[in-house]
Amino acid sequence: MSLDLRAAAKMLQFDEKADRVVPPTGFTARLTVFSSFAMAFLAVFALALSLAAGRVAERWGDELAQSSTLRISAPAGEGVTQTEAALRVLRTTPGIVDARALTIDEQRALLTPWFGADIPIEDLPLPQLIDITETDEGYDAAGLRLRLAAEAPAAVLDDHARWRRPLIEAASRLRILGWASILLIATASAAMVTLAANAALAANAQVIAVLRLVGAKDTYIARAFVRRFALRSLTGAAFGTLVGIVALVLIPSRGDSAGFLTDLSIQGWGWVWVILIPPLSGLVAFIATRFAARRVLEELA
Amino acid sequence: MSLDLRAAAKMLQFDEKADRVVPPTGFTARLTVFSSFAMAFLAVFALALSLAAGRVAERWGDELAQSSTLRISAPAGEGVTQTEAALRVLRTTPGIVDARALTIDEQRALLTPWFGADIPIEDLPLPQLIDITETDEGYDAAGLRLRLAAEAPAAVLDDHARWRRPLIEAASRLRILGWASILLIATASAAMVTLAANAALAANAQVIAVLRLVGAKDTYIARAFVRRFALRSLTGAAFGTLVGIVALVLIPSRGDSAGFLTDLSIQGWGWVWVILIPPLSGLVAFIATRFAARRVLEELA
Amino acid sequence: MLRHNNAGNRGRDKTAVIELENVAYSYGGGELLTDMTLSVAPGSFHFLTGPSGSGKTTFLKLCYGALQATAGHVRLFERDVRGLGRDDVAILRRKIGVVHQDCQFLDHLPVTENIALPLSVSGQDTSGAGAEANLKELLAWVGLTARGDALPPELSGGERQRAALARAVIMSPDVILADEPTGNIDWEMSQRLLTLLVELNRMGKTILVATHDLGLIRAAKAQVPTRVLRISNRRLQMAGADL
Amino acid sequence: MLRHNNAGNRGRDKTAVIELENVAYSYGGGELLTDMTLSVAPGSFHFLTGPSGSGKTTFLKLCYGALQATAGHVRLFERDVRGLGRDDVAILRRKIGVVHQDCQFLDHLPVTENIALPLSVSGQDTSGAGAEANLKELLAWVGLTARGDALPPELSGGERQRAALARAVIMSPDVILADEPTGNIDWEMSQRLLTLLVELNRMGKTILVATHDLGLIRAAKAQVPTRVLRISNRRLQMAGADL
Ligand SMILES: Nc1ncnc2c1ncn2[C@@H]1O[C@H](COP(=O)(O)OP(=O)(O)OP(=O)(O)O)[C@@H](O)[C@H]1O
Ligand SMILES: Nc1ncnc2c1ncn2[C@@H]1O[C@H](COP(=O)(O)OP(=O)(O)OP(=O)(O)O)[C@@H](O)[C@H]1O
Ligand SMILES: [Mg+2]
Ligand SMILES: [Mg+2]
């Protein structure tokens, strides 16, 4: 990080003398640094939240594989017919990828938590269970129930597994909320740097007038301001990002894989986003100040 | 809202003439208004997130009532003895509020989803189930298993219901994160308004000097600045809050009671917090500017 | 040296409005002003001369409490400046009209409002008919009637100085301190300003003008008894009769 | 009226450095300056007088491209100001040294750096031995050797004007425009400044000084051939021989 910073600073620091003509703008400077700092800090958190929410949504989505169960408690003898009928219906239902009758062993495994392992399953009038794999969008449960009532009246659709669906949705929503915050934060910091740069330029009207009077070109004047604001924003954002990362690391993570958002850490490609925060902040400041400086200068003779 | 605003404005606007002596500070003004706006907007969201997370944590906490299940699959005849032994152990375990053997009917209800309603439960070698109610903190599952192995070897502890615990924790965490963000946002806006006020005061050094020269008292000068910044912050925060609320309302809510954070609305007492945002913002600006003005004036003869 | 003299040129037996007692001032380096003793009687008319950089502006600043003497005592209206609180200084300044060398204004307010500023900050009514007429008359006096609605940055150098003088006298202060008030004004206009100052002096105001314009001093001497002080070699001297 | 005259007082047959052709200017209200025609020959020495508010500062601003004539043509070094881009104007100003009436500086840089500012902004080396010696000599010339490390707000009024003059001449410009350069300076010092300007004029520089100080004009006339312009009744007039 610090290496990155120094390289960028060097790139922008090619004319120290020109910098001196702009007075150290005190509070405006601190304001810029602080805004960039706060915004970068918030951005790191929003980013971590988005990434974590994204991870959760993905993992749970995979785990669930969008499954539900159909149970056929048919009178003895009709079991096989109704099972086949139900399978036919299911396979032609939009939103269902696959439907498969469970074997005896699979049914036993399901019941084990309730009865222990030595359940005499062959002796019981057990219903046949059918495992349904859905698409991402899922199927129309009400419509399916109607069709099943006609074709396999003994079938009972149990989409109990769906309870997790709203959770996945919530995670996705949280992810969107996170990205929206990031966008908002980026806009807000751009606006704030622009306003700060404008305030600095307005406060330095005399400096600009003096420079024009002694024959300074617009680019010379603009450069001094632009460089300074870009560097400030870069510095502030770099610190904000750093502090944000440290804060994230310090938040105790349970490492609990079942945990929802208990793990707000940044992983893998997420780091790319994080490392982009300071240079993007600097770039925004660069463009904003350049724009502001141009506007102010054009008003001047 | 607008009523509140006007009242506050009136309170602060008792000397319009004194206000005129401070020049319209253009960009610093917009900066203050915008910072307050953005911060209030973010605060509304952080608040909504916190409140929603709090609601979820509470509701799920109630629903679960921290329960788990003990299953005793004892050989015929030992069932009753071991059940009693297990109940004794459970009742003396810290972290367990209550333990109760399920009746036949309750067990049948539990199995219905699997076998249908007409299961000949009396004929089956069903295990006895014991329902455990935990305290908020929960019990030590590993320790309990050890004790049960000695007293009731046929007992199997099933804390499958615990899967929701990390979710509740996550919700609480999210709530804390939300409040932390609010604190951060408040600090950031206070810092930004202070810096903006300082920048404005620094930019108006000549105004202050002229006013002192013609015999203006410190309070007269400070008041003009303070009033202006407090009003700006109030205005910005009021708009930010308003826009935030509108945005919240526009985010489609599923009204899905099972949904986690699908309902980011503000309810009941939450509104008190929201309505507090603008006046608090104004107050912060008031104090910050007053402080800054005092400092600047004291440096002047 | 002017020790223990009574500078009141009409010989009135009133206590001094400005009194310096062994005053010295330094901006941090060596002493700029040393061992200055002076007593300005009410109703007197003083000029202050001296080479550029000798400390005329500094001296005036001591006389309205903008600077604190590094040694000795400055008494304004018989109160030691050192003992005054910030609000006391503010109230004191309402009795002293000051024309700064670099006339500064509130650049966002029109000239008339700038001139009326001392009234506004002391809480006096500026919208009454009497106040308005007074302001108008004053504007005419300094020849700014046509420029009353302009903003200060739109004024010419001489117009600024005249506006500053108008602002200094609007409160009808007991003392008027003017720092180089004719630096940017042509001869005709400076004669008009002088007439204005002389009139004020005849009304009993105490006047102290720092200037390097010897012509102005000569013209004043022809109209009113004045005393000319000179800062030379860090000390206050009475200028000879050659002026 | 000065139509079609050759203002070069040495009668050299060179093209004018500043040329006005039927120029008018208005700040938005009525016309402040009307129908001004003038041609300033290289190496000439002009004074510009006129009552306060007559438009002297405005006239000078037209002469260095800070304002655009509302009618007519202003040509600087034979180029019409109207056709110049912003960077052209900047480069042009490096050939014109200007002493503003309200001398403004970069308040955060010491006096020496302010004086050397025209060099810095035009990319010239200010740290070389030659440049340093030159700067030192210039400081001594305007009597600011002791105040070189001070910040501009710490200067007295006269010191500011001298620093502004030093800044205007450091680039050794072809033309020097000075607006009321002796407004805050005592007689002695203004004689020194005049000597400086006369010296520059003898080196071939073109000088145009706006002033209301008739004494200064008289003193100049004794040393060098000058022409006195007068703004009166919105027009440019040649002042009579009475000066
Ligand atoms: N704030 C300051 N800090 C340091 N030195 C200062 C400050 N203000 C003035 N000086 C110095 O003190 C000396 C006297 O300044 P002052 O302004 O009183 O002179 P003056 O007599 O009014 O001169 P002038 O006729 O040029 O206005 C000058 O050399 C000036 O540089
Ligand atoms: N920016 C402006 N906008 C409007 N009017 C202006 C502006 N600048 C100057 N004026 C007006 O134009 C007139 C001429 O101004 P200018 O500064 O050229 O006068 P001047 O001859 O230099 O006077 P002085 O000797 O007092 O400096 C004045 O009446 C002034 O008020
Ligand atoms: Mg002075
Ligand atoms: Mg002028």
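Per chain, numbering begins at 1; letters A, B, ... match sequence-line order. Treat the numbers as computed from the prediction; the structure is a model and nothing was measured.
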Test item: B:R212 side-chain N/O and B:V207 main-chain N/O as donor-acceptor pair under 3.5 Å: no
Test: B:R30 cationic atom under 6.0 Å from B:F34 six-membered ring centre, within 45° of axis: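 So B:R30 doesn't make the cation-pi contact.
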Cation-pi geometry met for B:R227 and B:F286 (6.0 Å, 45°):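 That pair does not qualify as a cation-pi contact.
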B:F229 ring center within less than 6.0 Å of B:F225 ring center: no
Under 4.5 Å from any heavy atom of chain B - which part of C:Y64: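 When you check distances to chain B, only side chain atoms of C:Y64 fall under 4.5 Å.
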Which atoms of C:D107 approach chain B - backbone, side chain, both or neither, heavy atom under 4.5 Å: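 Only the side chain of C:D107 comes within 4.5 Å of chain B.
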B:D218 and C:R86: CA distance, side-chain angles, deciding distance, salt bridge (charged side-chain N to carboxylate O under 4.0 Å, His left out) verdict: CA-CA 8 Å; B:D218 284 358; C:R86 292 182 56 77; 2.5 Å; yes
Side chain / backbone / both / neither for B:V210 at chain C, heavy atoms under 4.5 Å: side chain
Most chain B-contacting option - heavy-atom pairs closer than 4.5 Å, from C:E113, C:K61, C:M171: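 Between C:E113, C:K61, C:M171, the count favours C:E113.
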Option in C:R167, C:H100, C:R94 with maximal non-hydrogen atom pairs under 4.5 Å from chain B: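 Winner by heavy-atom pair count: C:R94.
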